[in-house]
Amino acid sequence: MPEPEVLTADHWFDLASLSKVIATTTMVLTLAEQGRLDLERALEKLNPAQRLCVVLSYGEGLSHGEIAETTGWPLGTVKSHLARGGARG
C-alpha cells in the first residue's frame with residue numbers, strides 16, 4: 001500500500017477542491033450567524049427578568065437554586081420566569 005501524501009505549506013490544491021472547501025465554510029458560517037441572530041431575537045421577546053433567568057440557566061449553566069441565590073428572588077419566581085420564558089415563541 002502506498003504511503004499517503006503529506007501536505008506541506010507549499011502544497012497546491014486544485015481550484016475545484018478549494019472552491020468546495022470555501023463554499024462549505026461559507027455555508028457553515030452563515031448557518032452559525034443565522035442561529036445567533038435567531039437566539040438574539042428570541043431573547044429580545046422576553047421581559048428582563050425572564051431573559052436573565054434564561055441566560056443564567058441555559059447560557060451559564062446555573063441551577064434554579066443558584067439563580068434564586070444570585071438574583072435574590074424566591075425559587076418559585078425563578079421557575080415561573082423560566083417556564084414563561086421557555087414558552088415564548
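All figures in this text were calculated on a predicted structure; none of them were measured in a lab. The residues of the chain are indexed from 1 along the displayed sequence.
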K.L.:
If you compare all heavy atoms of Ser57 against all heavy atoms of Leu82, which two are closest, and at what distance to 0.1 Å?
P.N.:
CB-CD2, 3.8 Å

K.L.:
Apart from Leu75 itself, what residues make up its hydrophobic cluster when side-chain heavy atoms of I, L, V, M, F, W and Y under 4.5 Å apart count as a link, directly or indirectly?
P.N.:
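Once heavy-atom contacts under 4.5 Å are chained together, Leu75 still belongs with nothing else.
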
K.L.:
Could you tell me the separation between the NE2 atom of His81 and the CZ atom of Arg51, rounded to the nearest 0.5 Å?
P.N.:
12.0 Å

K.L.:
Which pairs of donor and acceptor atoms, one on a side chain in residues 66-73, lie under 3.5 Å apart (sequence neighbours left out)?
P.N.:
{"from": "Glu66", "atom 1": "OE1", "to": "Ser63", "atom 2": "N", "distance (Å)": "2.7"}
{"from": "Glu66", "atom 1": "OE1", "to": "Ser63", "atom 2": "OG", "distance (Å)": "3.4"}
{"from": "Thr70", "atom 1": "OG1", "to": "Glu66", "atom 2": "O", "distance (Å)": "2.8"}
{"from": "Thr71", "atom 1": "OG1", "to": "Ile67", "atom 2": "O", "distance (Å)": "2.8"}
{"from": "Thr71", "atom 1": "OG1", "to": "Trp73", "atom 2": "N", "distance (Å)": "3.2"}

K.L.:
How does the hydrophobic cluster around Met27 look, that is, which other residues are in it when side-chain heavy atoms under 4.5 Å mark a link?
P.N.:
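Leu31, which link up through side-chain heavy atoms under 4.5 Å apart, make up the rest of the cluster.
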
K.L.:
Say you draw a straight line from CZ of Arg84 to CG of Leu46; how long is it, rounded to the nearest 0.5 Å?
P.N.:
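Rounded to the nearest 0.5 Å, the CZ-CG separation comes out at 12.5 Å.
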
K.L.:
First locate atom NE2 of His64, then atom CG of Leu56, and finally report the distance between them rounded to the nearest 0.5 Å.
P.N.:
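That separation rounds to 11.0 Å.
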
